[in-house]
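By convention in this document, chain letters (A, B, ...) are assigned in the order of the sequence lines, proteins followed by strands, and residues within each chain are numbered from 1.
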Number of protein chains: 4
Amino acid sequence: MLFSLDFESKDPIYSQIVKQIIIGIAKRELRPNEPLPSVRSLASDIGINLHTVNKAYQQLKQEGYILIHRQKGVVIHPEGVPKADSEYKETLKQTLRPIIAEGLCKDLSHESIADLYQEVLKEFQREEDIK
Amino acid sequence: MLFSLDFESKDPIYSQIVKQIIIGIAKRELRPNEPLPSVRSLASDIGINLHTVNKAYQQLKQEGYILIHRQKGVVIHPEGVPKADSEYKETLKQTLRPIIAEGLCKDLSHESIADLYQEVLKEFQREEDIK
Amino acid sequence: MLFSLDFESKDPIYSQIVKQIIIGIAKRELRPNEPLPSVRSLASDIGINLHTVNKAYQQLKQEGYILIHRQKGVVIHPEGVPKADSEYKETLKQTLRPIIAEGLCKDLSHESIADLYQEVLKEFQREEDIK
Amino acid sequence: MLFSLDFESKDPIYSQIVKQIIIGIAKRELRPNEPLPSVRSLASDIGINLHTVNKAYQQLKQEGYILIHRQKGVVIHPEGVPKADSEYKETLKQTLRPIIAEGLCKDLSHESIADLYQEVLKEFQREEDIK
DNA sequence: GTGGTCTAGACCACT
DNA sequence: GTGGTCTAGACCACC
């Protein structure tokens, strides 16, 4: 798995790592039980401190995306992530609202916003889904 | 305009204000040239620090949402916000990507994600658009 | 609130802090909305690193015992902690099992173990409960 | 004797083994002088490292639960474990305190905590005790 | 002054 | 070699 990090971003590094791993899981590039690099090796690969990687892993663990074994290292959670409940859906809408509002203010049409959305969604298209 | 702020949120207060004003503009509850409360009055209304409101306004001004006149006060930008360019669209997709990925990981279908998206989009429906 | 920490203990310092705060809440010495010392002040009071205190606070936050405001600091959660569900009860029994087994092996009678238990429980007796 | 180990647990493997053997003794499923499997066979049965089993046995030996003979192998200590002294009782209360506090914070009543405690205690009920 | 993030470097427990 | 814990010290964002 490749990481592209922006060290200048306002979004903290550990958060960028979290997001990329979640994207990897959603794209099924990372499958259940697949091992992730160790805290130390990933840190030195990226050229950051091991604590930063650890913080990302801890958050992923807390949200159910991965399992952390003391010696075996880190793996994608074999049973997947807790499914979305209605509370989560509400949070998601809450998150979407200002993003969509910004697009509308910048004169994007409803259609072009919906298109952008579909484009992103397509990135996650899987063979199974097409069948 | 009413503000509902969450002081426990990880999202800073000034950012919540910015978002709500942008949402207000997108919903056309706030129209071009419409005056916004002064920094002082808004701060005391909400019960927060002057600096916080000021920071929100400065950001809105910097992004072209509002104009700040020394005497006349603060108004919604009469000419609207700079339109979206392709760079902005890319940023928007970048923002959407981890959000959508998270939903997919939580086992939401492409359809139900698209539905949620449409629901939010509908909140911004305007009479003009329906005609 | 006073902290008595054992720096030689196998139980990590941050965990000892967590436990003492939970005990404080259970004894109602710490009431909802009551402020806790800042990360820095508690760290320097105890004579440990601020990260250690922070780790304790983060865990308490994650388990719903406290709220962490970016500027206002840390307070006991105003609405209390998520109530015990049946899963938690099972975990609790799981935790208790080896502890009780050890006592029995050391020839404590069922009665004396039950007595010890009651003694601890009494430490948490509250005026309201006695009325 | 059957072992059920949780390799994902925060509790180390060797400690889980120790606890289960202590529980076995408390339930009198393991009687004084009863032989335990050798380090080698237990390790290969469970599919774990020799060192892990050895560490568990060493701890049990050190606390007086078992005897390790070079030739005869491992047996449950024929004379039982050193009886509880007042220091031990204090340690036990110390251990119990945060566990009980957590239950109380989660809104369990004194009664329901005592009930849970009794349930666990009953698991160790023996015929002799009932007579 | 508050917590949040990041770095650097050390020691330990577990397998 | 793995993650867990702790320290020390720095800079930033928020209010």
Side-chain angles (χ1 to χ4, degrees), chain A residues 5 7 9-17 35-44 46-59 61 66-75, chain B residues 5 7 9-17 43 46-56 59, chain C residues 5 7 9-17 35-44 46-59 61 66-75, chain D residues 5 7 9-17 43 46-56 59:
Chain A
L5 301 180
F7 295 95
S9 167
K10 195 177 174 179
D11 196 28
I13 298 176
Y14 81 91
S15 161
Q16 296 181 45
I17 296 174
L36 252 41
S38 79
V39 173
R40 283 176 170 74
S41 67
L42 182 52
S44 77
I46 307 183
I48 59 175
N49 192 281
L50 86 176
H51 293 313
T52 307
V53 176
N54 191 49
K55 184 157 187 173
Y57 279 4
Q58 289 300 329
Q59 184 172 328
K61 168 188 158 194
I66 63 174
L67 287 180
I68 301 181
H69 302 245
R70 277 220 247 236
Q71 350 303 340
K72 291 199 301 176
V74 180
V75 298
Chain B
L5 300 179
F7 294 93
S9 167
K10 191 174 178 176
D11 197 27
I13 307 291
Y14 84 93
S15 161
Q16 295 182 45
I17 295 174
I46 312 184
I48 60 176
N49 196 296
L50 282 178
H51 299 318
T52 308
V53 177
N54 196 49
K55 180 152 190 173
Q59 184 172 327
Chain C
L5 302 178
F7 295 94
S9 166
K10 195 177 174 179
D11 195 28
I13 297 176
Y14 82 90
S15 160
Q16 296 182 45
I17 296 174
L36 251 41
S38 79
V39 172
R40 284 176 170 76
S41 67
L42 182 53
S44 77
I46 307 183
I48 59 175
N49 192 282
L50 87 178
H51 293 313
T52 308
V53 176
N54 191 48
K55 184 158 188 174
Y57 278 4
Q58 288 298 331
Q59 184 171 327
K61 166 189 160 194
I66 63 174
L67 286 180
I68 301 181
H69 302 246
R70 277 219 247 235
Q71 351 303 340
K72 290 198 300 176
V74 180
V75 297
Chain D
L5 300 179
F7 293 94
S9 166
K10 191 175 179 175
D11 197 27
I13 308 291
Y14 85 93
S15 160
Q16 295 182 45
I17 296 174
I46 310 184
I48 59 176
N49 196 295
L50 282 179
H51 300 317
T52 309
V53 177
N54 195 47
K55 179 151 191 173
Q59 182 171 329

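Taking every heavy atom of both residues into account, A/Tyr57 and A/Pro37 meet most closely at OH-O, 2.8 Å. Scanning both residues, A/Val75 and A/Pro35, for their nearest heavy atoms gives CG1-CA, 3.9 Å. Contact detail for C/Val39 and C/Leu50: the closest heavy-atom pair is CG1-O, 3.3 Å.
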CA sep, side-chain torsions, deciding dist, call: C/Ile68, C/Gln58, side chain to side chain contact (heavy atoms under 4.5 Å, CB included): CA-CA 8 Å; C/Ile68 301 181; C/Gln58 288 298 331; 4.0 Å; yes
Test side chain to side chain contact (heavy atoms under 4.5 Å, CB included) applied to D/Ile48 and D/Phe7, step by step: CA-CA 10 Å; D/Ile48 59 176; D/Phe7 293 94; 3.6 Å; yes
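The distance between atom CZ of C/Arg40 and atom P of F/dT7, rounded to the nearest whole Å, is 15 Å. In this structure, the CG atom of C/Leu67 is 18 Å from the P atom of E/dT2, given to the nearest Å. Atom CG of D/Leu5 and atom P of E/dC14 are 15 Å apart (whole Å).
Looking at heavy-atom distances under 4.0 Å, A/Tyr57 makes no contact with the nucleic acid at all.
In terms of position along DNA chain E, the nucleotide closest to A/Ser15 lies nearer the 5' end than the nucleotide closest to the other residue of the pair A/Ser15 and C/Lys10. With the nearest nucleotide of DNA chain E identified for both C/His69 and A/Asp11, C/His69 has the one nearer the 5' end. With DNA chain F read from its 5' end, the first of the two nearest nucleotides for C/Phe7 and A/Gln58 is the one closest to A/Gln58.
The local environment of NE2 in C/His69 is crowded, with over 12 non-hydrogen atoms from other residues, nucleotides or ligands closer than 6.0 Å.
Note that CG of C/Leu42 is 11.0 Å distant from CG of C/Asn54, once rounded to the nearest 0.5 Å. Within the model, atoms CG of B/Asp11 and CZ of C/Arg70 stand 8.0 Å from one another, a figure rounded to the nearest 0.5 Å.
Among the nucleotides F/dG1, F/dG3, F/dC6, the one closest to any side-chain atom of C/Ile13 is F/dC6. Among the nucleotides F/dT2, E/dT15, E/dG4, the one closest to any side-chain atom of A/Ser38 is F/dT2. Taking only side-chain atoms of C/Tyr14, from C-beta outward, the nucleotide of F/dG1, E/dT5, F/dT5 with the closest atom is F/dT5.
With D/Ile13 as the fixed residue, the side-chain contact (heavy atoms from CB on, under 4.5 Å) test singles out one of D/Val53, D/Ile46, D/Leu5: D/Leu5.
Listed in residue order, the members of residues 46-56 of chain A having a heavy atom less than 4.0 Å from DNA chain E are A/Ile48, A/Asn49, A/His51, A/Thr52, A/Lys55.
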Nucleotide pairing, DNA chain E (Watson-Crick or G-U, distances under 3.5 Å), in dot-bracket with [ ] and |: ||||||||||||||.
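No N or O donor and acceptor, one from the side chain of C/Arg70 and one from the base of E/dG4, sit under 3.5 Å apart.
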